[in-house]
**Student:** 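Quick one: the structure is below, and I'll ask about it shortly.
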Amino acid sequence: DSVEMRYVSASGSLQVNVSGLPGGANAPLTLTGPQTVGLTGTTTLPTLASGSYTLTASIVNVSGTNYAPTPSSQNVTIATGVQSTASVTYAAVVTSGSLQVTVNGLPGGTNAAATLTGPQTVNITGSTTLSVLAVGSYTLTASNVSASGTTYAPVPTSQNVTITNG
């Protein structure tokens, strides 16, 4: 009689897929567990010690735009002889909002005299949609306008508004 005992490496592999970032941008990823590995994007780790790992992804700033990962953290199990897969999708974080300003009560062709002040300053001369305003608190202040010898007063003269993401 004979018996054979064979040993194999107690390791598996991990395919990490990263999407959603502009070309050339690196994704700061960290895999922690029995081994710790830093990653910068889509890759295959061919030999990882078997066990439980956590893959964490951080926000990336590319040309002034932040990209947030989903998920930012995930658990991954590496089993002997098996390839596991983990995916991270990045998306631009909206850091601006919009404001619809309606001006009425002035004769045709007469411009309003208003200013929106806050993180940005915008002069307002009529009804408009300000589609890309930085997030934050603003004050819309309006002044009297004269047309054809008549003075028109804004009501109210000042309004506060908060611009939120989206």
**Student:** Taking side-chain contact (heavy atoms from CB on, under 4.5 Å) as the test, write out the residues that go with Pro156, two or more places apart.
**Tutor:**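 Counting only residues at least two positions away or on another chain, Pro156 forms a side-chain contact (heavy atoms from CB on, under 4.5 Å) with Gln159.
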
**Student:** For Ala79, check side-chain contact (heavy atoms from CB on, under 4.5 Å) against everything at least two apart and list the hits.
**Tutor:**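 With sequence neighbours excluded, Ala79 shows a side-chain contact (heavy atoms from CB on, under 4.5 Å) to Val82, given in chain and number order.
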
**Student:** How would you list, by chain and number, every residue that makes a side-chain hydrogen bond (donor to acceptor under 3.5 Å, both in side chains) with Asn17, sequence neighbours excluded?
**Tutor:**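 Gln15.
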
**Student:** Could you work out the complete set of other residues in the hydrophobic cluster of Tyr53, with links drawn between I, L, V, M, F, W and Y side chains under 4.5 Å apart?
**Tutor:**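 Result for Tyr53 is Leu14, Val16, Val18, Leu21, Leu29, Leu31, Val37, Leu39, Leu45, Leu48, Leu55, Val60, Val62, Tyr67, Val76, Ile78, Val88, Tyr90.
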
**Student:** In the hydrophobic clustering that connects Ile, Leu, Val, Met, Phe, Trp and Tyr at side-chain heavy-atom distances below 4.5 Å, which members other than Val3 occupy its cluster, ordered by chain and number?
**Tutor:**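 Traced through the cluster, Val3 reaches no other member.
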
**Student:** What residues form a side-chain hydrogen bond (donor to acceptor under 3.5 Å, both in side chains) with Asn61, not counting sequence neighbours?
**Tutor:**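 Only Asn66 meet the side-chain hydrogen bond (donor to acceptor under 3.5 Å, both in side chains) criterion with Asn61.
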
**Student:** Under the rule for side-chain contact (heavy atoms from CB on, under 4.5 Å), what residues qualify as partners of Pro119, not counting sequence neighbours?
**Tutor:**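 For Pro119, the residues satisfying side-chain contact (heavy atoms from CB on, under 4.5 Å) (neighbours in sequence not counted) are Ala134, Tyr138.
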
**Student:** Under the side-chain hydrogen bond (donor to acceptor under 3.5 Å, both in side chains) rule, collect the residues that match up with Thr139, sequence neighbours excluded.
**Tutor:**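 With neighbours one apart ignored, the set is Asn160.
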
**Student:** Per the side chain to side chain donor-acceptor pair (under 3.5 Å) rule, what does the pair list look like for residues 25-36, sequence neighbours excluded?
**Tutor:**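 Pairs touching residues 25-36 that pass the test: none.
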
**Student:** Provide the full list of side chain to side chain donor-acceptor pair (under 3.5 Å) pairs with a residue in residues 124-136, sequence neighbours left out, each pair given once.
**Tutor:**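 Qualifying pairs: Gln100-Thr129.
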
**Student:** Thr115: what forms a side-chain hydrogen bond (donor to acceptor under 3.5 Å, both in side chains) with it, not counting sequence neighbours?
**Tutor:**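 Only Asn123 meet the side-chain hydrogen bond (donor to acceptor under 3.5 Å, both in side chains) criterion with Thr115.
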
**Student:** Which ILVMFWY residues can you reach from Val135 by hopping between side chains whose heavy atoms are under 4.5 Å apart?
**Tutor:**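 Members besides Val135: none; it forms no cluster.
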
